[in-house]
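Have a look at the structure below before the remarks.
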Amino acid sequence: MKIKSKRGEQLVKLNPRPLRVNSLSLSKSNQVALHVSDHEGSRLILINLSDGTQTIVNMFEMNSDGAGSEKIDAYNWSPDGKKIAFGIGDLGSSYIGLYNVERKSYMHVSDKEFTLISSIVWHKDGKSFDFVSKGDDSPQAVLYTYSETKKLILKKGSLSKNDEQKISQLTPKS
């Protein structure tokens, strides 16, 4: 796969080769987030375009059998491109994960289990983000905010279909 950016072209080899590329998103820190699907589910691969290194973020969240999480729901880069937030989990359950590219560190930020995390949008300050989820108890979308400073998720309230669509337009498409 060849990725072109303002900084040039990078030839990227993915191993194992995915069945499908769902989406990709370039960060301000010269990284690409590549959401791919294969026989095991989906993977979120971060590729450093400067040196070609690759990190599969859902390999940090291991299942009881030692395999990575089966799916990535949604993801988005922080405004400075140094962190990426994502919905991660298995069929029927999702959590919020956060990966710091500079520190090469993963953090599981939600204890609550969500059914589907459909959108993630960072605040301009890069210290918090909103995400949209649907829970088991209601098919209606609910807006939550995660604050990195407070290490806390706050429920903001239910969303109309129109508001849910507006927020989804700010998240890389799967």
Side-chain angles (χ1 to χ4, degrees), residues 20-37 41-48 55-61 68-174:
R20 179 178 71 228
V21 173
N22 300 320
S23 64
L24 63 90
S25 178
L26 181 64
S27 78
K28 289 187 177 178
S29 64
N30 204 32
Q31 302 263 340
V32 169
L34 192 61
H35 182 213
V36 301
S37 293
S42 66
R43 293 179 282 146
L44 185 60
I45 305 168
L46 305 184
I47 303 165
N48 183 323
T55 304
I56 302 173
V57 297
N58 46 326
M59 290 309 292
F60 293 106
E61 186 71 20
S69 294
E70 292 177 349
K71 68 174 179 140
I72 297 291
D73 289 335
Y75 66 94
N76 215 337
W77 289 105
S78 62
D80 62 5
K82 295 178 181 178
K83 294 174 270 188
I84 190 165
F86 47 93
I88 184 173
D90 296 314
L91 298 176
S93 67
S94 291
Y95 300 89
I96 292 289
L98 187 62
Y99 185 76
N100 185 311
V101 175
E102 287 184 329
R103 294 185 186 138
K104 297 182 179 2
S105 63
Y106 169 79
M107 185 169 71
H108 186 87
V109 300
S110 65
D111 293 328
K112 179 179 166 70
E113 185 177 314
F114 302 96
T115 303
L116 173 69
I117 297 168
S118 60
S119 300
I120 298 173
V121 179
W122 283 84
H123 296 190
K124 289 180 184 179
D125 66 4
K127 296 178 181 172
S128 56
F129 57 84
D130 294 333
F131 65 96
V132 176
S133 177
K134 295 181 180 180
D136 284 333
D137 53 346
S138 171
Q140 187 169 14
V142 177
L143 180 67
Y144 295 88
T145 296
Y146 173 71
S147 167
E148 269 194 285
T149 310
K150 297 178 182 176
K151 307 285 188 234
L152 178 62
I153 294 176
L154 299 172
K155 183 177 179 179
K156 295 294 189 173
S158 299
L159 292 174
S160 69
K161 285 282 186 198
N162 189 35
D163 288 340
E164 184 182 2
Q165 287 176 332
K166 287 179 184 177
I167 290 171
S168 76
Q169 292 172 353
L170 302 172
T171 299
K173 301 296 176 236
S174 293

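These numbers come from a predicted model, not from an experiment.
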Using a distance-only test with no angle check, is there a side-chain donor-acceptor pair under 3.5 angstrom linking [X] and [Y]?
{"X": "D80", "Y": "S78", "answer": "yes"}
{"X": "S110", "Y": "Y146", "answer": "no"}
{"X": "K71", "Y": "S94", "answer": "yes"}

Run the numbers on F129 and N76 for side-chain contact (heavy atoms from CB on, under 4.5 Å), then give the verdict.
CA-CA 9 Å; F129 57 84; N76 215 337; over 6 Å; no
Can you name the side-chain hydrogen bond (donor to acceptor under 3.5 Å, both in side chains) partners of N100, sequence neighbours left out?
none
Working to the nearest 0.5 Å, report the span between [atom1] of [X] and [atom2] of [Y].
{"X": "I84", "Y": "L46", "atom1": "CD1", "atom2": "CG", "answer": "5.0 Å"}
{"X": "D73", "Y": "S133", "atom1": "CG", "atom2": "OG", "answer": "8.0 Å"}
{"X": "K155", "Y": "L143", "atom1": "NZ", "atom2": "CG", "answer": "11.0 Å"}

Should the heavy atoms of other residues, nucleotides or ligands under 6.0 Å from NZ of K151 be counted, would the total exceed 12?
yes
Provide the closest heavy-atom pair for S119 versus A74 in the form atom of the first, atom of the second, distance.
N-CB, 3.9 Å
Correct closest heavy-atom pair for I72 and H35 would be O-NE2, 3.4 Å
Give a yes or no on whether the backbone of S25 and the side-chain of W77 come within a donor-acceptor separation of less than 3.5 Å.
yes
Strictly distance-based, threshold 3.5 Å: is any side-chain N or O of T171 a donor or acceptor partner for the main-chain N or O of I120?
yes
For L44, which of V57, I56, I88, V36 qualifies under side-chain contact (heavy atoms from CB on, under 4.5 Å)?
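Going through the options one by one, the only one that passes is V57.
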Taking the six-membered ring for Trp and the full ring for Phe, Tyr or His, determine whether the centres of Y106 and Y99 are under 6.0 Å apart.
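Not under 6.0 Å, so no.
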Give me the ring orientation class for Y95 and H108: parallel if the planes are under 30° apart, tilted from 30 to 60°, perpendicular past 60°.
tilted
